[in-house]
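Positions are given from 1 along the sequence.
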Amino acid sequence: SGKAVCDHCGFRVEAARLKNGIIAKCPKCNGVATIAQGKREDGSVFFAFACNRCDWVSDDNWTMAAFVLLPH
């Protein structure tokens with residue numbers, strides 16, 4: 001698992017790789033965010049975290065930070 005927090009702007013990323021997949025802690029409500037696949041308007045595929053509690057969806061920067069924190 002990994003965690004990064006910016007004391008200046010409040011940007012916070014917490015993610016973990018478990019046996020059954022990857023999860024993250026929602027920075028909005030502290031709920032569980034799971035990885036989801038989506039399609040952009042141009043048809044390209046993207047991956048993002050989506051919170052099961054408050055419907056928050058990570059942006060590209062948040063998602064990239066989470067994957068950098070996870071063990072490879």
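- Residues Gln37 and Val45 are in side-chain contact: their nearest non-hydrogen atoms beyond the backbone lie under 4.5 Å apart.
- The closest side-chain heavy-atom distance from Phe49 to Ile22 is below 4.5 Å.
- When all heavy atoms of Ala48 and Val57 are compared, the closest pair comes out as CB-CG1, 3.9 Å.
- The environment of Asn20 atom CG is sparse: at most 12 non-hydrogen atoms of other residues, nucleotides or ligands sit within 6.0 angstrom.
- Taking a cutoff of 4.0 Å between a charged side-chain nitrogen and a carboxylate oxygen, Asp60 and Arg40 qualify as a salt bridge.
- Environment of CG in Asn52: crowded, with over 12 heavy atoms of neighbouring residues, nucleotides or ligands closer than 6.0 Å.
- Lys28 approaches Trp56 most closely through the heavy-atom pair CD-CB, 4.3 Å.
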For residues 3-13, which side-chain donor-acceptor pairs fall under 3.5 Å, sequence neighbours excluded?
unit_1 : atom_1 : unit_2 : atom_2 : d
Arg12  : NH1    : Glu14  : OE2    : 3.3
Arg12  : NH1    : Asn30  : OD1    : 3.1
Arg12  : NH2    : Pro27  : O      : 3.0
Arg12  : NH2    : Asn30  : OD1    : 3.2

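- Phe47 and Ile23 fall into different hydrophobic clusters, where Ile, Leu, Val, Met, Phe, Trp and Tyr side chains are chained together by heavy-atom contacts under 4.5 Å.
- In this structure, the side chains of Ile35 and Phe67 come closer than 4.5 Å at one or more pairs of heavy atoms.
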